[in-house]
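Structure first, commentary second.
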Amino acid sequence: MIRVLPPEVVGKIAAGEVVERPFSVVKELVENSIDAGATRIIVELEDGGRSLVRVTDDGRGMSVADLELAFVQHATSKLEDVGDLDAIVSLGFRGEALASIGAVSRARILSREANAIEGAEVRAEGGVVTEVRPAAAAQGTVIEIRDLFCNVPARRRFLKTPQGERQRCLEVLQKLALSHPDVGFRIEAGRTIDLPPRETLRRRIGRLFGRQTEARALAVQHERGGVGVDGLVVDPDGARRDRAQQHLFVNGRPIRDRSLSHAVEDAYREYLMGGRFPVVFLFITLDPAKVDVNVHPTKSEVRFVEGRLVYSAVRSAVIEALAQRTGRVAERGAGAVGAVQPMTGFPELPRGLFGQSEGIGASFGKLAALPRSQSEPPLGAPLPLSPFQGVSCFLVLQDLYILLETDAGFAIVDQHALHERVVYEKLLAAYRAGNVAVQRLLVPAVVELPPADKDLLLEHVDALRATGLLIADFGGVAVQLEGYPAPLRRPDPEALIGGLVRELREVGDVGEPEALHERLHSRACRSAVMAGDKLADAEIEELLKAAAKLEHPHNCPHGRPTVVSFTTGQLERWFKRRV
Ligand code: ADP
Ligand code: MG
């Protein structure tokens with residue numbers, strides 16, 4: 001099964017060290033077990049993998065001939081000629097892992113194939129390989145790596161503390177467990193982690209990240225232009241302060257890719273505040289010939305032949321998945337408002353608060369098309385009174401917050417965030433319908449800006465015009481704003497143009513036209529709504545009425561919440577009327 005690779009193939013393979021630290025050993029060994037069709041894999045670590053990594057699997061095992069070649073450089077059963085490099089499917093492909101590991105440790109392989117009468121073992125110590133000897137073994141393979149870098153003191157010194165190495169090993173194992181929920185894992189590294197075989201991705205995420213993450217996960221299923229995107233994305237409520245839980249896989253292999261992270265974050269943009277990052281588990285599948293996994297020896301970076309296609313598939317997939325959330329939120333809103341812990345952390349966002357004033361059909365516009373779930377209350381059930389019906393009772397605090405009595409308790413609306421959202425959806429609807437009303441300025445506003453920014457802006461004049469923003473060259477270092485979308489209230493030209501430039505710079509050339517327009521619109525809205533603007537009562541009523549028709553009422557286009565709601569139950573607990 002194992003053959004030595006011809007030198008021309010070896011030459012084509014990205015050079016580099018396979019073994020860097022214990023986690024690379026863990027990764028290579030477990031990938032080999034998966035490649036061997038294992039259904040259960042046991043990983044034991046001692047000293048964070050520094051003194052021992054032992055991987056035991058129930059895979060197909062290795063023959064005596066296999067064992068003879070296992071520690072030989074560039075011996076692999078998975079690749080035969082140069083052509084295969086274009087379509088790499090199995091996880092391992094360089095045939096150098098075992099040889100490299102065997103050269104810098106005390107290694108031992110014990111294995112038995114399913115139909116073999118007895119097993120065999122081979123050892124390597126600092127690259128010196130022993131004869132293959134018969135040995136008693138269960139079906140499958142045990143690979144034991146002791147004292148990594150025992151003969152390379154310089155490398156050994158660079159190892160982190162046992163806890164540090166252990167942590168990296170666990171991260172690698174987590175990725176492997178996520179991409180193979182069908183495979184059972186037992187990880188013994190101080191404490192034992194047991195992941196049974198044949199799990200769904202959702203269940204496995206529950207085991208690894210907790211029940212709450214599992215419950216908050218929304219299914220992703222998308223296919224476009226030969227690019228499949230599947231997996232789960234976690235509801236924005238479960239967002240984190242870092243990107244550590246963005247798990248992306250391409251053809252089963254964990255990857256890091258800035259452009260794809262951007263695609264994910266762009267899809268979440270409307271739901272998340274700055275500084276908060278989505279939690280996603282996305283599996284991208286595409287023709288292996290259209291992705292180069294061989295860019296980097298540790299194989300976590302990839303290069304796509306059609307980067308834009310993959311970008312937009314990922315972005316659309318996440319947007320579609322998040323749309324289910326609107327449905328879920330509204331569904332819960334029609335019933336009781338969920339119990340909220342008072343005064344701890346970030347308040348829970350209201351559910352369906354804005355959606356109820358005109359009955360399900362009218363106000364749930366988009367929702368009506370979604371299948372209704374079983375848990376939704378019967379249509380005849382009384383809906384909670386809407387805070388926007390009649391709008392007789394509201395109180396404005398600090399010219400900014402609107403306090404509303406609601407059926408379930410009370411709510412506080414950030415009038416500017418809400419206004420931004422209302423204007424934004426108006427603009428977007430007009431843009432999509434192709435009739436953006438433009439307010440022309442009698443006297444164009446002249447704004448000066450650095451030459452590079454000016455060029456960037458002028459490059460996009462057409463996209464800007466479609467958005468309702470009329471911008472022209474004024475000569476010198478200036479541009480002039482000649483008109484803006486009518487729904488904006490008195491935009492500040494400097495803030496508007498500065499913001500547009502920033503948006504254009506950020507989108508770069510990864511975005512699609514639709515994404516660009518959404519960003520320009522959202523930026524335009526922000527500049528149009530100034531905190532501290534005092535609204536007349538009639539304007540507030542107008543605003544609350546418009547809010548009832550919003551598609552995404554809970555966040556401003558930049559992800560800040562528009563409204564925070566509280567239940568009567570909370571009030572009662574705060575005042576100790578109830579426990
Ligand atoms: P590669 O995985 O790139 O082929 P490796 O050095 O990791 O290179 O492994 C060399 C060969 O040893 C593999 O091609 C495979 O045939 C065999 N092998 C390694 N680990 C296992 C295992 N756990 N079960 C069965 N065969 C294995
Ligand atoms: Mg391998």
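The figures here come from the full heavy-atom set of this structure, side chains too, leaving out hydrogens, waters and symmetry mates. One-based numbering, in listed order, for ligands and for the atoms of each. Treat the numbers as computed from the prediction; the structure is a model and nothing was measured.
Side chains of His554 and Tyr271: a donor-acceptor N/O pair is absent below 3.5 angstrom, by distance only. Checking Glu265 against Gln246 by side-chain atom types alone, a donor-acceptor pair falls below 3.5 Å. A side-chain N or O of Glu320 and one of His222 form a donor-acceptor pair less than 3.5 Å apart. Looking at Arg243 and Ser261, their side chains never bring a donor and an acceptor atom within 3.5 Å of each other.
Of the residues listed (Val250, Val291, Asp230), the one engaging Ile284 in a side chain to side chain contact (heavy atoms under 4.5 Å, CB included) is Val250, and it is the only one.
The N/O atoms of Arg60, backbone and side chain alike, include none that comes under 3.5 Å of an N/O atom in ligand 1. Considering both main-chain and side-chain atoms, Gly61 never comes within under 3.5 Å of ligand 1 through any nitrogen or oxygen pair. At under 3.5 Å, not a single nitrogen or oxygen of Ala36, backbone or side chain, sits near a nitrogen or oxygen of ligand 1. At least one N or O atom of Asn32, backbone or side chain, sits closer than 3.5 Å to an N or O atom of ligand 1.
Near Ala97, meaning under 4.0 Å from any of its heavy atoms, are these atoms of ligand 1: 6 (O), 7 (O).
For Tyr424, the ring pair (Phe, Tyr, Trp, His ring centres under 6.0 Å) test picks out no residue, with sequence neighbours left out. Here Phe249 pairs with Phe283 under the ring pair (Phe, Tyr, Trp, His ring centres under 6.0 Å) rule; sequence neighbours left out.
Looking at Thr141 against ligand 1, only its side chain comes within 4.0 Å, counting heavy atoms. Using a 4.0 Å cut-off between heavy atoms, Ala70 makes no contact with ligand 1 at all. Neither the backbone nor the side chain of Val55 comes within contact range of ligand 1; no heavy atom lies under 4.0 Å.
Residue Met62 places a heavy atom less than 4.0 Å from ligand 1. Asp57 counts as a contact of ligand 1, since one of its heavy atoms falls under 4.0 Å from the ligand.
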